[in-house]
Amino acid sequence: MSIEQNYQDILSQLPQNVKLVAVSKNHPSEKIKEVYDLGQKVFGENKVQELLEKQPVLPNDIEWHLIGHLQTNKVKYIAGFVAMIESVDSEKLLKEIDKEAAKSNRKINVLLQVKIAKEETKFGLTIDEAKAIFEEYLLETFPNIEIKGLMGMASFVDDESQIREEFSILKNLFDELSQLKPLETLSMGMSGDFPLAIESGSNSVRVGSAIFGERNY
Ligand SMILES: *Cc1c(COP(=O)(O)O)cnc(C)c1O
């Protein structure tokens, strides 16, 4: 199928309230422009270097989401334009984003990335760490940051019940934190599992290969 067919196919599967982040990592700017021209405005990249190469050559109204692990020393390169950092996995990183947001005279939207997969994953906060950071945030500790919600990835397994269980952990935390301060975004679901994620309460899916095709790593 063509990129256009893939894209329309994904859109047709998303309920009205679910936002699509088109994950364009490892794909060239021309392909991104193709999807942009179909009406897509939100794109996700996982590497700062790649984002910095693409952002200047693509339209200004693209909302760039950073979805991969972010080193503190690289925050300054994207602080001026990034629409959302979905992968906040430490308090140290949050502090750095807050500092760089202030320098850029803007507020930066972020999601806390929570480790929900049973399998060993490198990045992501534990539930307790995420709660602790959110409580600090409520004390106005990070005035230049808006925590908009949570992001998580389920295990790469075929067992649907395990995937559902992992998504429901994040949904429960989302509901719990939303009682302290309403949250907007629950980012879960990728090409392989977004229908399950939506059933589990996701309202933002990050879809790459199902739109752009397989990546060559
Ligand atoms: C690559 C990536 C995706 C998209 O994965 P696909 O399987 O290609 O849809 C989503 N989220 C994160 C954090 C990623 O790194």
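For ligands, and for the atoms within them, numbers begin at 1 and follow the listed sequence.
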Looking only at non-hydrogen atoms, which of Asp193, Ile67, Asn46 approaches atom 13 (C) of ligand 1 most closely? Ile67

Modelled atom types, side-chain donor and acceptor of Thr126 and Asp128, under 3.5 Å: no

Sequence neighbours excluded, every pair satisfying salt bridge (charged side-chain N to carboxylate O under 4.0 Å, His left out) that has a member inside residues 31-40: Lys33-Asp37

Enumerate the atoms of ligand 1 whose separation from the nearest heavy atom of Val207 is less than 4.0 angstrom. 9 (O)

Under 4.0 Å between a Lys/Arg side-chain N and an Asp/Glu carboxylate O for Glu176 and Lys131? yes

Relative to ligand 1, is Met153 under 4.0 angstrom through side chain, backbone, both or neither, heavy atoms considered? side chain

For Arg206, atoms of ligand 1 separated by under 4.0 Å from a heavy atom: 4 (C), 9 (O), 10 (C), 11 (N), 12 (C), 13 (C)

Geometric class of the Trp64/Phe43 ring pair [parallel <30°, tilted 30-60°, perpendicular >60°]: tilted

Output the list of atoms in ligand 1 that are nearer than 4.0 Å to some heavy atom of Ser191, sorted by atom number. 6 (P), 7 (O), 8 (O), 9 (O)

Let's go through Lys107 and Glu146 carefully: what are the C-alpha distance in whole Å and the side-chain angles of both, what is the deciding distance for salt bridge (charged side-chain N to carboxylate O under 4.0 Å, His left out) to 0.1 Å, and is it a yes or a no? CA-CA 7 Å; Lys107 279 203 168 200; Glu146 290 277 356; 3.5 Å; yes

